[in-house]
Amino acid sequence: MYKTTYHRASSVEEAASLISGADDGKLLAGGQTLIPTMKQRLAAPSDVVDLRHIADLKGISVAGSTVTIGAGTTHADVANSAEVRSACPALADLASNIGDPHVRNMGTIGGSIANNDPAADYPAAMVALNATIHTNSRQIGADDFFTGMFETALNDGEIITAVSFDAPEKAAYQKFPNPASRYAMAGVFVAKSGGGVRVGVTGAGSDGVFRASNMESALSASFSGGALDGASVDPSDMLSDLHGSSEYRANLVKVMAKRAVEAAG
Amino acid sequence: MGAEGIGARIARKEDKRFITGKGRYTDDMVVPGMKHAMFVRSPHAHAKITGINKDAALAVPGVIDVLDGKQLTEDGIGNLICGWMIHSKDGSPMNMGAWRPLADDKVRYVGDAVAIVVADTKAQAREGAEAVQVDYEELPSATDIEAAMADGAPQIHDEAANNLIYDWEIGESTATDAALASAAHVTEMDIVNNRLIPNAMEPRAALGLYDEAEDHYTCWTTSQNPHVARLVMSAFYNVAPENKLRVIAPDVGGGFGSKIFIYPEEVVCLWASRRTGVPVKWVADRTESFLCDAHGRDHISNVKIGFDSENRITALKVDTIANLGAYMSLFSSSVPTYLYATLLSGQYNIANIHANVRTVYTNTAPVDAYRGAGRPEACYLIERVMETAARELGVSPAELRRKNFVTEFPHQTPVIMAYDAGDFGASLDAAMQAADYSGFAARKAEAAGRGKLRGIGMSCYIEACGIAPSQAVGALGAGVGLWESAEVRVNAVGTIEVLTGSHSHGQGHETTFAQLVADRLGVGIDTVSIVHGDTDKVQMGMGTYGSRSGAVGMSAISVALDKVEAKAKKIAAHLMEADEADIEIDSGELKVAGTDKTLPWFQMALAAYTAHNLPEGMEPGLKETAFFDPANFTFPAGCYICEVEIDPDTGVTEVVQFVASDDFGTIINPMIVEGQVHGGVVQGIGQAMLEGCAYDAESGQLLTASYMDYTMPRADDIPSIDVSTTKTECPSNPLGMKGCGEAGAIGSPPAVINAITDAIGNNDLTMPATPQTVWAAINR
Ligand SMILES: Cc1cc2nc3c(=O)[nH]c(=O)nc-3n(C[C@H](O)[C@H](O)[C@H](O)COP(=O)(O)OP(=O)(O)OC[C@H]3O[C@@H](n4cnc5c(N)ncnc54)[C@H](O)[C@@H]3O)c2cc1C
């Protein structure tokens, strides 16, 4: 009933061919989302294609101002990377606050953005940093990549290979954790660069990660916490659950955004 | 006393095996031929079972059998019962509906057990359980008190019209009303005590073994009271007569009350073992623990307290409704009555008290005793209303309390309890000093400078522990007596085994009970072994709950030790040709007072067993039993002070100081007592700020069924806790002990909420005070 066939891929090409040959296959990265889902029997893939042994998917490189992070890079590796810490300390901070040490040492950036959990941290950063998502067949801008809760622009069997972005002038991430799960209940990533200011919000929106465009224009005019005093967040666009009403989340988005701007300096 | 006696702060003997992963829990038990079970559980809150089709499940490889409620009924297995009879104020007995170990006609909550699947492996059992096809006809459900009591509410049990189980009262209604009417000031509040899920670290488990040759059953299970489990399964559930049923509770990883009760699973595993001919093991997964362990609390109340013109309390009137869930669990009826309303006098002199308590069925997990059981609800109510009254009267909360403290003992309250000893002012003073209460205003101003709201709150709790006098609880409806038993066996080489009916599931009995023996006989604790948790080894016992193992369980050991000492002295006197009255026991020797004659303890023991030279007419051997039944409850009391800082933008609340000053009477091991207070306070802060069980009102699904949604306290939620004690001895047991297992969970929630409401200047706040709740209260 729940049998699954495990495959270990040693290259992206091999993984692509294994997944396209599978009946109802799933790619496996850190397994921090997929394995619990399978244990709860909410997912029952016929085949699992393990990406963890593909060297090409791992690692961090900086060329000029462009930072590239392999899809298979763990949260811990991003958190501890000297390159990331100097190019974009906000991203290293974000990674260091995902889950617990076990999750950070197993979970990967590719798995996180492929999953696009509405309360995950990385999507806010990808959107705010205007990152490019590289796959085995194309490149997708972050604005087009995240298409709704647990939804992305990925086609069936398409494999994320890396993400890249230009180091921002200033950036910061502020996360308000859900008291129980400690996923984001409102996580705001603010990034300022030559192209202006971008604000990515996770955890709060009723349709997953989004850009707070009114905040972006206020901050483009004046990059200061005070600039957000007049910015409003519409509760009707927010999630509402046991842990936070939509009004509360709307408030948190604003408070976290201000704090992020202040932290970015 | 010696280095290992009463009062010694020594490391726990049992921790070596726990810390090194060598504990032996029910799931570690393996017997030849053992198979695995999975329960089929109701996905609906309320539904009729219209059919069960087992064909597909029986076809799953490895599945041995699928058994359902009809078969259980055919075999004469009885209903699960509530063992404490409560009569409504009109004299009628409580309206108890039937609880079948496997539902046969109707399911009444999400998780209700419908069938058991036994298979070679756990995975196969699980696959089999998914393949059992149960047809349900869904019925409307009610999960909270108001919905269950509304006109036209779904009828959950035929026996309980309008879902009302009983309508009970205590105290004088007319006199209380009159005193309230003439009071100079009345404070009135509506109070909710939030529902909690226990979350013991070890999930419940059972291994049932039927031995056909002997027609005998053995049950390994996660129980706080194996003898009570055997008694109830034998006398009421028809599993087997007591002499044909052995219950073993090996190492148990926490209970907090939730493992007192006898649940369907252990009964069904035993029965299924006979039906299938194989030993059957079931271990709950975490989801089953959330769904099916008995939950705690869940009260709504209205309280009125009246004061005279000098701020002395004249009357207290309480109207409470408690949610008992879908079935009446073993002690459920006693929790919101005799364990709750009898403590409503708090630490105060109150001439008139009346409480009315109604309990209702709902489509939720059964609710029963959880750390504190009734007393946290009473303490929360009285300590919230005292703090509120002080604010309304414009007086210091500490002074309002102090003015009303009971100061003379014994003190008869109007609600049964007679407080035997205490010094409430001493605890209050100690806590206020430790908390630097007078420096609060400066700390608040400093916090305001940082944009933080700082608040302080206190709670002066009293509780009744060592649950206790058999005659008294019998008169109040208990189906059992609440004594405890002990047997002290001195071996021929002088080492000692103590068999106790108390059960340790984290409390450290192997250490503290040995400390008592070390204290009395002057031997090292390594020569003393504590034996518990097996009905074939220990004579009889009532188990561990209500902080009773020290006050009642150790008292039984103490009385048995009296008998051992008396006989040992006779033997020693005989061997040393001295007068029995001159024999002293000291440092592992029997000495003749005023001489240098001594007899080592082990030589006396050997003499008792060789029996070559015993006093005329004395029986050989050295082994004594005692059953101890105390004269009264014990009354631990104390004062807790909590200080919080709140971020007004987000409602995030940090407990920045927590002070606990407790009076537990005699303390055996201060380190263990501190650990108990720490754990209790953490659970209390959990209740106050983090933990809130929620069911979906529409579907009746449990919304907080995992740690993704149910917030257990974590280390970074908890401050360093300042723990200290004051002491008045309990006069009703030989050791002067009061018990410390529940105090922390009882005293802390009102202190926390009093502090938060003080900080935000809004008293309208319900637990758990999560960031969202606090933020909403600030902005109301
Ligand atoms: C206890 C716990 C706490 C957590 N807390 C947080 C938190 O605070 N914040 C947060 O953001 N996350 C949190 N997570 C989630 C964590 O970050 C996961 O690691 C992440 O969501 C998934 O990454 P993974 O590498 O484990 O992916 P997997 O679980 O292996 O896969 C997830 C999904 O992505 C797909 N996938 C994986 N890699 C690729 C790829 N290269 N290309 C295409 N598809 C791919 C898989 O097929 C699968 O559908 C937590 C998880 C746990 C268990």
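The sequence lines fix the lettering, A, B, ..., with proteins before strands; numbering per chain opens at 1. Quick caveat: nothing in here was measured; it's all calculated off a predicted structure.
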Short question: side chain of A:Tyr2, backbone of B:Ala123 - any donor-acceptor pair under 3.5 Å?
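Here the side-chain-to-backbone pair does not exist.
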
Tell me if a side-chain donor or acceptor on A:Arg182 pairs with a main-chain N or O of B:Met708 at a distance below 3.5 Å.
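A pair under 3.5 Å: no.
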
More than 12 heavy atoms of other residues, nucleotides or ligands under 6.0 Å from CG of A:Asp234: yes or no?
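For A:Asp234, atom CG is crowded (more than 12 foreign heavy atoms under 6.0 Å).
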
Could you measure the distance from the [atom1] atom of [X] to the [atom2] atom of [Y]? Nearest 0.5 Å is fine.
X: A:Ser181; Y: B:Tyr710; atom1: OG; atom2: OH; value: 15.5 Å
X: B:Asp709; Y: A:Asn178; atom1: CG; atom2: CG; value: 7.0 Å
X: B:Asp649; Y: A:Leu252; atom1: CG; atom2: CG; value: 10.0 Å

Pick from B:Pro771, B:Ala694, B:Ala776: which one has the most heavy-atom pairs with chain A under 4.5 Å?
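Ranked by heavy-atom pairs under 4.5 Å with chain A, first place is B:Pro771.
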
Is B:Asp647 salt-bridged to A:Arg259, cutoff N-O under 4.0 Å?
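A salt bridge links B:Asp647 with A:Arg259.
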
Charged N-O contact under 4.0 Å between B:Asp285 and A:Arg41:
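No, this pair does not count.
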
Minimum heavy-atom separation for A:Tyr248 and B:Thr650, please, with both atom names.
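Distance-wise, the nearest heavy atoms are OH-O, 2.5 Å.
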
Is any side-chain heavy atom of B:Asn779 less than 4.5 Å from a side-chain heavy atom of A:Glu247?
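When only atoms from C-beta onward are counted, A:Glu247 and B:Asn779 do not touch, as no gap falls below 4.5 Å.
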
Is any side-chain heavy atom of B:Val652 less than 4.5 Å from a side-chain heavy atom of A:Phe176?
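The answer is yes; the side chains approach within 4.5 Å.
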
Could you list the residues that satisfy side chain to side chain contact (heavy atoms under 4.5 Å, CB included) with B:Thr770, not counting sequence neighbours?
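Here the qualifying residues are B:Pro768, B:Gln772, B:Thr773.
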
For B:Val60, is it the side chain, the backbone, both, or neither that has a heavy atom closer than 4.5 Å to a heavy atom of chain A?
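B:Val60 has no heavy atom closer than 4.5 Å to chain A.
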
Side chain, backbone, both or neither: which part of A:Met185 has a heavy atom under 4.5 Å from chain B?
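When you check distances to chain B, no heavy atom of A:Met185 falls under 4.5 Å.
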
Show the atom names and distances, to 0.1 Å, of all donor-acceptor pairs under 3.5 Å that link a side chain in residues 118-125 of chain A to residues at least two apart or in another chain.
from	atom 1	to	atom 2	distance (Å)
A:Asp121	OD1	A:Tyr173	OH	2.5
A:Asp121	OD2	A:Lys175	NZ	3.0

